[in-house]
There are 2 protein chains.
Amino acid sequence: MQRDLDIRVAIIEDDETIREGYAFLIGNTTGYKIAGTYASFEDAAKKIVQDDPDVILLDVELPGISGIEALPKLKKLLPDTHIIILTVYEQEMLIFRSLGNGAAGYLTKNTQPEKIVAAIKEVTEGGGPMSAHVARMVISSFKRNESTPLTRRETEILEQIATGKSRKRIADELFIDLETVKSHIKNIYYKLDVHSKADAIKAAKDNKFI
Amino acid sequence: MQRDLDIRVAIIEDDETIREGYAFLIGNTTGYKIAGTYASFEDAAKKIVQDDPDVILLDVELPGISGIEALPKLKKLLPDTHIIILTVYEQEMLIFRSLGNGAAGYLTKNTQPEKIVAAIKEVTEGGGPMSAHVARMVISSFKRNESTPLTRRETEILEQIATGKSRKRIADELFIDLETVKSHIKNIYYKLDVHSKADAIKAAKDNKFI
DNA sequence: ATCATTTCCCCCTCTTTGGGTTAGTGCAGG
DNA sequence: CCTGCACTAACCCAAAGAGGGGGAAATGAT
């Protein structure tokens, strides 16, 4: 058996039963090897660099430094290691913050064992494993609201405003007069029932018009 | 066999060989039924409402109206139908536009047949199937650049600026003086080597500082 | 032919922006 | 201990922009 080619997996999880359960599962699968298991980030910080894992399974609700806070620190210690979040929570905020902080995947703990093992392989091959429901939430975050009250031009102009451009600059880039841009903005404000740039951007983003 | 409980699948794909291949594959899988196959959106538009599919497999590069343009139109015709994009392309722009236009999943054509069948089931259960590489790109789009030249406060203020708020309003909300906000902005502009709000926002977004 | 959209024009006030420069405080690393 | 860095705040200035009031013509789809 080529132990050198095994995928080295580390687990950071405070619940001993779960931690040992995953370790047993992964350690007994051909092609995988447990590089280390830790009950907290503080615990992991001391040894994880020497243990040199290829993939880390990270719980978000850790005692002390949380998994999300630990993410950028782990990435700094091990820049080439892929980190998969493994948690019971499916909250949008948690998911997006995790992915924003450098997670390569996001699985819920009810994921079947064989899928977890597959996910570990997937990240090493450049994939981004996600539980079905998580994937749907991530996709939904891209979705525009198809029933916008704004016309195409209005939407276009509001998008430009959201990039911080001045009305004059928008006018120049769209090859229309400044007065036209002002007219559109007046209509946008009226439709969204707002009276400022910031409120219009917020209203539009909340409703996914832009 | 309970034909009524089968998942009804429609395929919109101009290449006849591929279209019939998928139709054969899906039609011969227990629990699935082909509701209709079409060579173009124009073709589909006439009959797809009567055919009433639960899931549509949609090719992006169709003759005439492209798959991406077809997406919102299909959603309008069949609001409760899940649409999975099936294409050879893995371009970021194509992926994000597809998801933004209402796709529930994005698979590449080299996906194994059994995974395509599984993806069809997944969308009906609220999932968001994606090919591994696509998922990674989607996740990467959330990722912040950890090596930002900006300090925490500067990043925070730049984020506020990106929402369209005025300096005065930012100052009030952060409980600091307007002059302090101005100082931070001057430092942000210097660090990013820009001389305007719009350029700062663009530079920061391009580099994923915000 | 009509309606929504897009375009353009005038008026007005007040706020905001960008730039230059200096400087106090507090905190962490060498 | 001392040097940087981050955060805070202050003063100066001219120019540009934002927001709101009114109206009106051209374009375009269906």
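Remember, it's a predicted structure, so these values are computed and weren't measured experimentally. Convention: sequence-line order gives letters A, B, ...; per-chain numbering from 1.
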> Rounded to whole angstrom units, what separation is found between the CD1 atom of I161(B) and the P atom of dG18(C)?
Replying inline: 8 Å
> Between I7(A), D6(A), D54(A), which is the residue that forms a side-chain contact (heavy atoms from CB on, under 4.5 Å) with Y32(A)?
Replying inline: I7(A)
> Judged by modelled atom types alone, do D51(B) and Y38(B) share a side-chain donor-acceptor pair under 3.5 Å?
Replying inline: yes
> Hey, are K165(B) and E173(B) close enough for a salt bridge, meaning a charged N less than 4.0 Å from a carboxylate O?
Replying inline: yes
>> If only side-chain N and O atoms count, and only distance matters, is there a donor-acceptor pair under 3.5 Å linking E90(A) with H133(A)?
In response: yes
> Atom CD1 of I176(A) to atom C1' of dT6(C): distance rounded to whole Å?
Replying inline: 8 Å
> Are D59(B) and K109(B) ion-paired here, with the side-chain N under 4.0 Å from a carboxylate O?
Replying inline: yes
> Atom CZ of F41(B) and atom NZ of K46(B): how far apart are they, to the nearest 0.5 Å?
Replying inline: 11.0 Å
> Counting only non-hydrogen atoms, which of residues 152-159 of chain B are less than 4.0 Å from DNA chain D?
Replying inline: R152(B), R153(B)
> What's the CD1-C1' distance between I185(A) and dC8(C), to the nearest Å?
Replying inline: 14 Å
>> For S183(A) and L150(B), find the nucleotide of DNA chain D closest to each by heavy atoms; which residue's nucleotide sits nearer the 5' end?
In response: L150(B)
> Rounding to a whole Å, what distance do you find between F175(A):CZ and dC8(C):P?
Replying inline: 12 Å
> Atom CD of E179(A) and atom P of dG22(D): how far apart are they, to the nearest Å?
Replying inline: 15 Å
> Which of residues 186-208 of chain A sit near DNA chain D, with a heavy atom under 4.0 Å from it?
Replying inline: K186(A), Y189(A), H195(A), S196(A), K197(A)
> Within this structure, what is the CG-to-C1' distance between D172(B) and dT8(D), rounded to whole angstrom?
Replying inline: 16 Å
> Is K121(B) paired with E125(B) through a side-chain N to carboxylate O contact shorter than 4.0 Å?
Replying inline: yes
>> Measuring to OP1 and OP2 of dA16(D), would you say a side-chain N or O of R167(A) lies under 4.0 angstrom away?
In response: no
> Judged by modelled atom types alone, do E61(A) and S66(A) share a side-chain donor-acceptor pair under 3.5 Å?
Replying inline: no
>> I need the NZ-P distance between K168(B) and dG18(C), as an integer number of Å.
In response: 17 Å
> So does H184(B) get a side-chain nitrogen or oxygen closer than 4.0 Å to the phosphate oxygens (OP1/OP2) of dC7(D)?
Replying inline: no
> Which part of the nucleic acid, if any, lies within reach of T180(A) when heavy atoms closer than 4.0 Å are counted: base, sugar-phosphate only, or nothing?
Replying inline: base
>> Whole angstroms only, please: what is the CZ-P distance between R169(A) and dA18(D)?
In response: 12 Å
> How close do K208(A) and S141(A) get, heavy atom to heavy atom, and via which atoms?
Replying inline: NZ-CA, 3.2 Å
